[in-house]
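One structure is given here, and the rest of the page talks about it.
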Amino acid sequence: MLDNQEEIINQYSIDVESTSALNFVLQQNSIALISKVILTTEKDIGSSKVIVRSNPECFKEYVTNISNLTAGQSLAIEKPKLIFDVKYLLELPENIKANIEVIWLSETGEILVEHHLEIDVLTIDTWGGEKQPIELLASFSQPNSSSLSPLLVSASEILKSQKQSVLNGYLDRDRESVIAQLNAVWESLLKQKIHYIVNPASFITSGQRVRLAKQVLEEKLACCLDSTLLLSALAEQVGLDTLIVIEEGHAYLGVWLNETPNIDLLIDDIQILRKRFDLGELVFIETTLITQDASFAQAIKT
């Protein structure tokens with residue numbers, strides 16, 4: 001019986017292309033957890049079906065029926081439409097491991113072959129690093145957070161006292177106005193007396209839990225990624241366009257001094273940024289200096 005089962009398994013195979021992590025951010029951005037399931041058979045097969053399920057149940061069991069396949073044929077199921085348990089992803093208290101099973105069954109219900117993979121299921125405030133599409137980091141810059149309102153009121157009052165611009169983004173079409181707005185936002189952040197806390201080692205590779213704006217402002221703690229995302233959110237709410245700059249072991253902020261040009265979402269060539277900086281189109285900010293009572297000018301220089 002065992003030899004017969006091994007013979008059956010050798011005649012069929014499943015390959016699965018997937019991300020290695022899942023969380024609410026990935027689901028909300030409609031990024032496929034499983035991008036492709038490839039079925040291959042070495043013999044003719046009639047009707048069959050494929051089942052995809054997870055333990056714990058992050059999504060409803062997915063079933064699709066397969067018509068006849070001939071020997072040597074492969075079939076790709078592209079981006080199976082998984083229905084996720086959004087409440088579960090929203091309320092997950094800690095990062096966990098989950099198992100995904102992909103099972104190929106004959107018309108009579110006999111298991112032809114099964115494929116197992118392990119993924120990380122992450123909390124809503126965890127950025128998965130390289131385990132997920134890296135551009136998902138932008139989702140953690142949340143300009144509509146209500147906790148930003150007092151800071152923006154403070155920044156507006158600072159500008160008013162200095163008889164400078166108002167918080168109007170690029171409407172003045174003046175780089176000095178943009179710098180003045182950023183300086184006012186910076187000054188409002190300094191009043192929060194936020195303290196620096198070191199980020200996890202290798203956070204880019206393995207990801208980290210992000211302190212969102214509300215948590216930073218309540219706990220008065222921020223690592224480089226936390227402070228960068230906080231300042232990014234404030235700049236976005238003002239109407240400015242930002243860049244999250246990631247280096248090995250560090251993160252800081254870039255802000256366009258004019259509206260964002262036509263440029264790739266992901267930039268992995270530092271020369272492009274240097275060129276834009278030299279042309280006066282970008283300013284870079286060392287955001288951890290909000291924990292050191294440093295001036296905005298110092299943050300730019302650093």
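In this text the structure is predicted, and so the values were computed from the model without any measurement. All residue numbers in this chain count up from 1 along the given sequence.
- Put simply, the side chain of Asp120 never gets that close to the backbone of Ala21: no donor and acceptor are under 3.5 Å apart.
- A salt bridge between Lys191 and Glu187 is absent, with no side-chain N of the basic residue lying under 4.0 Å from a carboxylate O of the acidic one.
- A donor-acceptor contact shorter than 3.5 Å is absent between the side chain of Asp264 and the backbone of Ile267.
- Taking the side chain as every heavy atom from C-beta outward, Asn23 and Val121 never approach each other to under 4.5 Å.
- Leu282 and Phe277 get closest at one heavy-atom pair: O-CD1, 3.5 Å.
- Judged by distance alone, the side chain of Gln192 and the main-chain N or O of Ile194 form no donor-acceptor pair under 3.5 Å.
- Among all heavy-atom pairs drawn from Cys224 and Asn199, the shortest one is SG-OD1, 3.7 Å.
- Judged by distance alone, the side chain of Trp186 and the main-chain N or O of Ala294 form a donor-acceptor pair under 3.5 Å.
- No hydrogens or angles considered: a donor-acceptor pair under 3.5 Å links the side chains of Asn95 and Thr126.
- Between the side chain of Thr291 and the backbone N or O of Thr288, at least one donor-acceptor pair lies under 3.5 Å.
- Judged by distance alone, the side chain of Gln237 and the main-chain N or O of Pro143 form a donor-acceptor pair under 3.5 Å.
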Given the rule in the side chain to side chain contact (heavy atoms under 4.5 Å, CB included) test, do Leu33 and Ile119 qualify, once you have shown the distances and angles that lead to the verdict?
-> CA-CA 10 Å; Leu33 171 64; Ile119 63 167; 4.1 Å; yes
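- Counting heavy-atom neighbours within 6.0 Å of Glu135 CD, excluding the residue itself, gives a total above 12.
- Residue-environment remark: CG (Leu266) exceeds the threshold of 12 foreign heavy atoms within 6.0 Å.
- Nearest heavy-atom pair across Pro56 and Ile96 is CG-CD1, 3.7 Å.
- One distance of note links CZ of Phe59 with CG of Leu89; it measures 10.5 Å at 0.5 Å rounding.
- Within a 6.0 Å sphere centred on OH of Tyr88, heavy atoms belonging to other residues, nucleotides or ligands number more than 12.
- Looking only at distances, a side-chain donor or acceptor of Arg175 sits under 3.5 Å from a matching main-chain atom of Gly280.
- Distance alone, capped at 3.5 Å, places no donor-acceptor pair between the Thr302 side chain and the Ala299 backbone.
- Closest approach of Ala155 to Ser188, counting heavy atoms only: N-CB, 4.0 Å.
- Taking each heavy atom of Ser232 and Thr242 in turn, the nearest pair found is OG-OG1, 2.9 Å.
- A salt bridge links Glu94 with Arg209: the distance from a Lys NZ or Arg NE/NH1/NH2 to an Asp or Glu carboxylate oxygen falls below 4.0 Å.
- Within 6.0 Å of CD in Glu248 there are 12 or fewer heavy atoms belonging to other residues, nucleotides or ligands.
- Partners of Ser177 by side-chain hydrogen bond (donor to acceptor under 3.5 Å, both in side chains), not counting sequence neighbours, listed by chain and number: Ser165, Asp172, Gln181.
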Can you check side chain to side chain donor-acceptor pair (under 3.5 Å) on Thr228 and Thr287, steps first, answer last?
-> CA-CA 6 Å; Thr228 294; Thr287 62; 2.9 Å; yes
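- Panel note: side chain Asp85, backbone Lys60; no donor-acceptor pair is recorded below 3.5 Å.
- Residues Asp226 and Arg211 come closest through the heavy atom pair OD2-NH1, 2.7 Å.
- Exactly one of Val50, Thr40, Val37 qualifies for a side-chain contact (heavy atoms from CB on, under 4.5 Å) with Trp104. That residue is Val50.
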May I have the step-by-step check of side chain to side chain donor-acceptor pair (under 3.5 Å) for Ser154 and Glu157, ending in yes or no?
-> CA-CA 5 Å; Ser154 175; Glu157 290 173 347; 5.2 Å; no
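- In terms of the side chain to side chain contact (heavy atoms under 4.5 Å, CB included) criterion, residue partners of Glu218 (sequence neighbours excluded) are, by chain and number, Lys214.
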From CA spacing to verdict: side chain to side chain contact (heavy atoms under 4.5 Å, CB included), Thr19, Leu26 | CA-CA 10 Å; Thr19 64; Leu26 183 141; 4.0 Å; yes
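- Taking Val63 as the reference, Lys49, Ile51, Glu61 meet the side chain to side chain contact (heavy atoms under 4.5 Å, CB included) condition, with sequence neighbours excluded.
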